[in-house]
Q: 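Below is one structure. I have some questions about it.
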Amino acid sequence: MNTAQREAVINTEGPTLILAGAGSGKTRVLTYRIAYILSQRLATPWQILALTFTNKAAREMQARIENLIGISAKKLQMGTFHSIFSRILRIEAAPLGYNKDFSIYDEEDATNVIKNIIKELNIDEKKYSPKSIKHFISNQKNYLINATTFNAHYLDGREFTEIVGKVFRLYEIRCKEANAMDFDDLLVNMAILLEQNPVLCQKYQNQFKYILVDEYQDTNHAQYRILKRLAAQYQNLCVVGDDAQSIYSFRGATIENILSFQKDYPNAKVFRLEQNYRSTKIIVAAANYLISHNKNRLEKNVFTQNDTGELIKLVIANSEREEADKIVDWLREQKARYGYKNEDFAILYRTNAQSRVIEDSLRNKGIPYRIFGGISFYQRKEVKDLVAYLRLSVNPYDEEALRRVINYPARGIGDKTIEKITLLAQEKQIPFWQALKMAAAVGKGKALVAIQSFIMLIENFQKVGQTTDAYQAVEYIAKNSGILQDLNADATPEGRSRWENVLEVINAAHEFVKNSQNQEPSLANFLNEIALYTDLDKEVKDKNVVTLMTIHASKGLEFTSVFVTGLEENLFPSSQSAKDILSIEEERRLFYVAITRAQKNLCLSYAQNRYRFGKLEPSQPSRFLNEIKQEFIQSSSVDYKENFFHRAPSFNQKEIKKLSPLSNTPKNSFFSAPSSKDTTEPSPTLSAPQASNFPEQLTPGTRVIHAKFGYGVILEVDNNGENAIAQVDFYAKGKKTLLLKYANLQIVQ
DNA sequence: GCAATTGGCGTTTTT
DNA sequence: CGCCAATTGC
């Protein structure tokens, strides 16, 4: 460790701010700090609260700590804000007016609740979309403003505010009736607990002797308030972050938290981790120049002793299709040239939709990849259907789950019946489930029988859920709800895949039961875990694959070679108006995050035309590209400035296609699975093509002598007569695959 | 009550 | 283009 890192580890007491530049070994410091606290016996694992950005990060850190100190760290309170608090809230549910088996509404559930309220209030859905109202309410909650406060103090006479106030109130009521919390509530209720219940507040203040927070720049106001309370007694609050990487303001994160930490804690110790161990000099310099444009930032001087490294590549394509092909060509070239494996690459983009073209290209070339994000496993329809049954079995008041499966599979409870029950629930002001039971007592006719047998089904599931473990319960419910039969009837590939996904949930429950040493393997606990599961928590099984993900999802990760794609104005918009300064700064930070993922190679790309809304539209390169470039060239402190950007030569797609030994593979033969599923590959090897229009003497397969090193065989050639990829036998040094200049090659007869 | 068909409309980023 | 909501037809 360097001096700064060591100091940040051993100064365990009092409020601490660790400003960690990209790639400066922040996770390492955090891990060692916890291990140090434990080894010095300053606290037991149970007294340490460590909040990470993903649950996977927590798991990995835990394993490393155990390795370091050689004892179990299972009791460490480590995980995301949401998962740690959800566990605490289940213990302390009663004073909040909740039952310990509360459901967690995801974004879709929450939006549906609002949609129903909007219908109920006869509000024009076109004018006030459920999503925007949901977002607005969510923002209020992030600032710990509830419906009562909002309606008392925040009405400004605008129609929108008035409507939001009404919806907000009903939304709170509906969630409580359903014994459900949304993501925001997990924070809000934790804050209420601490701020309004002195006894419980004391309890947790006493427990958490040391609190550590990773990625502090992305915390929101509610999280800030919670931390303030929790740390009030011992003051051992250590926050780690980088203001230059704050990119989550859209979900309420406020960079203010990290910027004003020293104001909040005047006696705070501040440590700066400025040495970057991740990237080459070129990449670090580019990142520094980019971020220096921001006005709102904490001074930091990130440097590296790593090699100067390769120039950053800029790929300009005509269309997004071509852009994707060029990226994949570059990727293959790097594989050949440096001997990189698939797992060394990441392809990053701004929006999930952008992955499609790139996927196509990768598939065409037979390169295996894995997508993170997009529709995650537990968001898929069929999975959510099963999970809805599970949720109902634990918490029958869960209205969203109930609405979801009340007539799936079809059992004769149609729209009319549901509408009647909805009205009944509204009239009597009772939960939907109660209204349903009431209807079963007073109704008549065909629908009645259907309702009665549905209630019996769910009550039976509840019994199973309480008396068996998660695995048995999930299997039983999947079979007896009719979901498996329904999906089994669908023989299409998509149908089969859906069926498999349901089996996969059963499998996940099995795994959960096997691995749950720390908690009861109950259905309720299984549900809690999957409610807060994200794609980033996924353990990667097929290791050697290219990673595709959004820039947001890439935070905290690193790759040997990174492609940042789709760098156009319309994806990285620029705006001159002053009010947008802050968002431009965030855009810039986003770009900063993207380029600092790269260790050795960085390739930036954009298309001059892009499909939007089905139309091909011209687009401009992002202003940020110029910002790095111009600043870099103006600087006098580096001597490689002129060559900062290397413009990639253009490949001719037709020729490349001919070259590809796999281009004849029938499409979809291996890859019919949905895009967010794993893909396996036929082995992608570079081999000689059938035909080519290249200069006769340099077609793939030609044996050549390299002027300096040895002899070898050409694997691929580009069409403008400059380069070839060749496998070269070095004299006495073995084989290597290299990109060679035509000019340096001699043909072997 | 339910499946099939048409018409309208929009895209950041996520715990 | 692709997804969803509303509408039609059985």
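Reminder, nothing fancy here: chain letters follow the sequence lines and each chain counts from 1.
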Q: Scan Ser83(A) against the nucleic acid and name what it touches under 4.0 Å (heavy atoms): base, sugar-phosphate only, or nothing.
A: nothing

Q: Establish whether the base of dT15(B) is bridged to the side chain of Arg251(A) by a donor-acceptor pair shorter than 3.5 Å.
A: no

Q: Would you say whether Phe250(A) stacks on dT13(B)? The test is a distance between ring centres of less than 5.5 Å and an angle between planes of less than 30°.
A: yes

Q: Run the salt-bridge test on Arg321(A) and Asp360(A) with the 4.0 Å N-O cut-off and return the result as yes or no.
A: yes

Q: Within residues 399-411 of chain A, find the residues that approach DNA chain B with a heavy atom at under 4.0 Å, and present them sorted by residue number.
A: Asn407(A), Ala410(A), Arg411(A)

Q: Looking only at the side chains, is there a donor atom on one of Glu215(A) and Gln217(A) sitting less than 3.5 Å from an acceptor on the other?
A: yes

Q: Would you indicate, yes or no, if dT15(B) has its OP1 or OP2 atom less than 4.0 angstrom from a side-chain nitrogen or oxygen of Thr54(A)?
A: no

Q: Tell me yes or no: between the side chains of Asp106(A) and Tyr378(A), is some donor less than 3.5 Å from an acceptor?
A: no

Q: Would you say dG1(B) has OP1 or OP2 under 4.0 Å from some side-chain N or O of Thr417(A)?
A: yes

Q: Please state whether the phosphate of dT13(B), meaning OP1 or OP2, lies under 4.0 angstrom from any side-chain nitrogen or oxygen of Asn352(A).
A: yes

Q: Nearest whole Å is fine: how far is dT15(B) P from Gln223(A) CD?
A: 12 Å

Q: If you only use heavy atoms from C-beta on, which nucleotide in dT15(B), dT14(B), dT12(B) is closest to the side chain of Arg350(A)?
A: dT12(B)

Q: What nitrogen or oxygen pairs link the protein and nucleotides 4-10 of chain C at under 3.5 Å?
A:
| unit_1 | atom_1 | unit_2 | atom_2 | d |
| --- | --- | --- | --- | --- |
| dA5(C) | OP1 | Lys115(A) | NZ | 3.2 |

Q: In chain order, what residues pass the salt bridge (Lys or Arg N to Asp or Glu O under 4.0 Å) check against Lys381(A), with sequence neighbours excluded?
A: Asp385(A)

Q: If the test is side chain to side chain donor-acceptor pair (under 3.5 Å), which one of Asp184(A), Asp185(A), Asn146(A) qualifies with Lys141(A)?
A: Asp185(A)

Q: Could you check how far CG of Asn189(A) sits from C1' of dT15(B), rounded to whole Å?
A: 15 Å

Q: Take atom CG of Asn139(A) and atom P of dT15(B), then tell me their distance rounded to the nearest Å.
A: 17 Å

Q: What is the nucleic acid contact for Phe81(A), judged by heavy atoms within less than 4.0 Å: base, sugar-phosphate only, or nothing?
A: nothing

Q: Work out how far the C1' atom of dC4(C) is from that of dT13(B), and round it to whole angstrom.
A: 22 Å

Q: Write down the distance between CG (Leu590(A)) and C1' (dT14(B)), rounded to a whole number of angstrom.
A: 13 Å

Q: Expressed in angstrom and rounded to an integer, what is the separation of Tyr349(A) atom OH from dT13(B) atom C1'?
A: 12 Å

Q: Under the rule for ring-ring contact (aromatic ring centres under 6.0 Å, His included), what residues qualify as partners of Phe81(A), not counting sequence neighbours?
A: Phe85(A)

Q: Between Lys416(A) and Thr550(A), which residue's closest nucleotide on DNA chain B lies nearer the 5′ terminus?
A: Lys416(A)

Q: State which residues pass side-chain contact (heavy atoms from CB on, under 4.5 Å) with Ala57(A); sequence neighbours excluded, sorted by chain then number.
A: Thr52(A), Thr54(A)

Q: Whole Å only: how far is the CE atom of Met549(A) from the C1' atom of dT14(B)?
A: 14 Å

Q: Calculate the interatomic distance between Glu529(A) atom CD and dT15(B) atom P; express it in whole Å.
A: 15 Å

Q: Leu532(A) CG to dT14(B) P: how many Å, rounded?
A: 16 Å

Q: For Phe591(A) and Phe624(A), take the angle between the two ring planes, folded into 0 to 90°, and tell me which bin it lands in: parallel under 30, tilted 30 to 60, perpendicular over 60.
A: tilted

Q: Scan for salt bridge (Lys or Arg N to Asp or Glu O under 4.0 Å) pairs involving residues 79-92 of chain A, sequence neighbours excluded, and state none if there are none.
A: Glu92(A)-Lys203(A)

Q: Between Tyr533(A) and Gly414(A), which is nearer to the 5' end of DNA chain B once each is assigned its nearest nucleotide?
A: Gly414(A)

Q: Could you check whether the rings of Tyr248(A) and Phe53(A) sit parallel, tilted or perpendicular, using 30° and 60° as the cut-offs?
A: tilted

